[in-house]
Amino acid sequence: MTKPATTTQHSGAIPAQPGPREATGVTDGMTSGLGSSVAFGPGQTPGGVIPGAGPSGKPGSRPTVKLREAGPDDPPRYAPEWLELREPADAAARAHDLLDPLRIRLANLPGRSGIVIHDLGCGTGSMGRWLAPRLDGAQHWILHDRDPYLLHFAAVASPRSAADGSRVSVETRRGDIARLTPDALHGASLVTASALLDVLTREEIDTFAAACAGAGCPALLTLSVAGRVELTPSHPLDAELAQAFNDHQRRDGLLGPDAVTAAAEAFSEHGATVRLHPSPWRLGPEQAALTEQWLRGWVGAAVEERPELRAEADVYLTKRLAALAAGELHVTVHHVDLLALSRPVGGAS
C-alpha cells in the first residue's frame with residue numbers, strides 16, 4: 001500500500017457527497033474489535049518509514065507522514081491530504097466486474113431488510129463513497145480505523161443514499177485488525193478494505209480470512225499492490241528501483257506484493273470462492289500531483305531499502321519530475337482487487 005507525502009491541498013478537505021449531511025445515523029462505537037488504516041510490523045514507530053511510502057528525502061519537502069500529537073508507541077498516521085489526492089485514481093481503478101457477483105450474493109441474503117458493511121482501515125471513507133452508491137437497499141456501514149482523526153472525516157463525508165435512494169447510515173469504531181474474530185463480524189453482510197492487504201502479515205491475513213469464513217460474509221478487498229509498475233518513457237533504473245521498493249514492502253514480515261496471492265490462498269482454504277481482477281492506476285498529465293507524490297514515495301522507499309542507490313536515484317528523480325512537469329511521463333501502477341465469497345451462514349445462496 002503506497003502512502004506517500006502529504007500534498008499542498010487544504011488539510012482535511014474531503015470531496016462533498018450528494019445527499020443530506022445530517023448527523024443522525026453517525027455514531028462512534030469505541031471498540032477493540034478490529035479496524036486500522038494499516039497494520040504495522042514490530043519495532044515501527046511514528047518516526048519510522050511506512051512500508052511502501054519512504055521518506056521524501058529533500059530539504060524543504062513535506063513529510064511522508066503528517067504526524068499529529070502522538071506517543072512513542074502510536075502508529076504512523078496518514079494525512080487526509082494524501083488519501084484525498086489518491087481517491088479519484090482509486091475510484092477509476094477499482095474493478096467494476098466484481099460488483100455483479102457481489103450484488104447477487106447480497107440480494108440472496110435471507111430475511112434481511114438491509115445490509116451491514118464493515119469497512120476495515122477506512123481512512124477518510126473513500127471505499128464507502130465509491131461502493132455505497134453502487135449497491136441497492138438500505139445500508140449500515142461500520143467504519144473501522146485506528147485513527148480517530150480519519151474516522152471523523154470518514155463519518156462526515158459518508159454518502160447517505162444507496163443506488164436506489166435507500167438510506168445509508170454510518171457508525172465508527174476504533175481498534176486493531178489483528179483482533180478480528182467471527183464474533184466481531186456477527187451480522188455482517190460484507191467486509192471491505194482498500195489498499196490494506198499488502199501491509200498485513202501472513203498471520204493477519206489468515207486471521208482475516210478465518211473471521212470472514214466464520215461469519216459467512218463475503219469480502220471485497222481492493223487496490224492491493226501487485227509489485228509491478230510501468231513508466232513511459234522507460235529508464236534503465238526502473239527495474240532496480242521497482243525491486244528495491246518491493247523488498248521494502250516485505251520488511252518486518254509484511255507481505256507487500258505477495259499479499260493478494262496469500263489472501264486468495266487463505267480464503268480458498270476456508271472454502272471461499274475467490275475472484276481476482278486487475279485494478280491499475282493509469283496516471284498521465286491529468287494526475288500530475290498524484291504522480292509526483294507517488295514517485296517521490298516510490299523512489300524514497302527504494303533508497304530506504306538500498307541506500308547505495310541514493311546518488312543514482314536523486315538524478316533519476318530529478319529527470320522524472322522534469323518529464324512529469326513537461327507532460328511527458330505516464331505511469332501505470334498495477335493493483336489487484338479480490339472478491340472472496342465465503343460459504344454463507346443461515347441458508348443464503
Side-chain angles (χ1 to χ4, degrees), residues 1 34-35 89-110 112 115-123 125-137 139 141-144 162-163 177 180 182 185 187-200 202 204-227 255 257-281 333-346 348-349:
M1 175 171 67
L34 58 142
D90 287 350
R94 289 191 181 99
H96 289 254
D97 288 355
L98 297 180
L99 292 182
D100 279 346
L102 175 61
R103 291 186 184 109
I104 292 170
R105 167 59 66 85
L106 295 177
N108 288 330
L109 291 174
R112 300 280 180 88
I115 57 176
V116 177
I117 302 172
H118 289 253
D119 187 8
L120 308 184
C122 67
S126 65
M127 186 66 169
R129 287 189 290 275
W130 179 79
L131 183 58
R134 288 172 168 81
L135 298 177
D136 288 334
Q139 303 169 35
W141 282 71
I142 303 175
L143 309 178
H144 301 266
I177 193 173
L180 184 63
L185 296 179
S189 310
L190 172 66
V191 173
T192 69
S194 191
L196 177 66
L197 287 179
D198 39 287
V199 291
L200 299 181
R202 188 171 297 275
E204 288 168 336
I205 284 180
D206 288 343
T207 298
F208 184 13
C212 291
C217 64
L220 179 63
L221 311 171
T222 69
L223 298 169
S224 298
V225 295
L255 286 172
D258 308 317
V260 172
T261 299
E265 292 172 350
F267 277 98
S268 295
E269 288 170 0
H270 286 282
T273 299
V274 176
R275 302 184 185 214
L276 301 175
H277 200 283
S279 53
W281 277 356
V333 183
H334 290 276
H335 305 98
V336 178
D337 287 6
L338 180 152
L339 174 64
L341 298 174
S342 296
R343 292 172 180 167
V345 174
S349 60

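With rounding to the nearest 0.5 Å, the separation of CG in D97 from NE2 in H277 is 3.5 Å. Between L106 atom CG and I117 atom CD1 the span is 7.0 Å, to the nearest 0.5 Å. Here W141 contributes atom CH2 and I115 contributes atom CD1; the two are 8.0 Å apart, rounded to the nearest 0.5 Å. Going from atom CG of L220 over to atom CG of L99 covers 7.0 Å, rounded to the nearest 0.5 Å.
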Acceptor/donor pairs from residues 208-216 side chains to any protein atom, 3.5 angstrom cut, sequence neighbours excluded:
none

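Applying the side chain to side chain donor-acceptor pair (under 3.5 Å) criterion to S126, with sequence neighbours excluded, gives no partner residue. Residues satisfying the side chain to side chain donor-acceptor pair (under 3.5 Å) criterion with D136, sequence neighbours excluded, are absent altogether. Partners of D90 according to the side chain to side chain donor-acceptor pair (under 3.5 Å) rule, which considers only residues two or more places apart in sequence or in another chain, are R86, W281. Taking D337 as the reference, nothing meets the salt bridge (Lys or Arg N to Asp or Glu O under 4.0 Å) condition, with sequence neighbours excluded. Shown here are the side-chain contact (heavy atoms from CB on, under 4.5 Å) partners of P257, two or more places apart in sequence or in another chain: N246, Q249, R250. Shown here are the side chain to side chain donor-acceptor pair (under 3.5 Å) partners of R103, two or more places apart in sequence or in another chain: D100.
Contact detail for A162 and Q139: the closest heavy-atom pair is CB-NE2, 3.3 Å. The two residues R105 and S342 come nearest to each other via the heavy atoms NH1-O, 2.9 Å. For L197 against A259, the heavy-atom pair with the smallest separation is O-CB, 3.4 Å. Minimum interatomic distance between A264 and L338 (heavy atoms only, all atoms of both residues): N-CD1, 3.8 Å. Scanning both residues, L339 and P101, for their nearest heavy atoms gives CD2-CG, 3.9 Å.
A heavy-atom distance below 4.5 Å is not found between the side chains of W130 and T192. Put simply, the side chain of L221 does not reach to within 4.5 Å of the side chain of L196, judged on heavy atoms. Proximity of T222 to S279: side-chain heavy atoms (C-beta onward) are nowhere separated by under 4.5 Å. With a 4.5 Å cut-off on side-chain heavy atoms, L190 and L131 count as touching. Between L185 and C217, some side-chain heavy-atom pair lies under the 4.5 Å cut-off.
Side-chain N or O atoms of S189 include one that pairs as donor or acceptor with a backbone N or O of V116 at under 3.5 Å. In this structure, the side chain of H118 does not engage the main chain of V191 through any donor-acceptor pair within 3.5 Å.
Atom CZ of R134 sits in a crowded spot, with more than 12 heavy atoms from other residues, nucleotides or ligands closer than 6.0 Å.
Residue pairs meeting the salt bridge (charged side-chain N to carboxylate O under 4.0 Å, His left out) criterion with at least one member in residues 260-276: none, sequence neighbours excluded.
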Tell me, with the steps shown, if L200 and L255 meet side chain to side chain contact (heavy atoms under 4.5 Å, CB included). CA-CA 6 Å; L200 299 181; L255 286 172; 5.7 Å; no
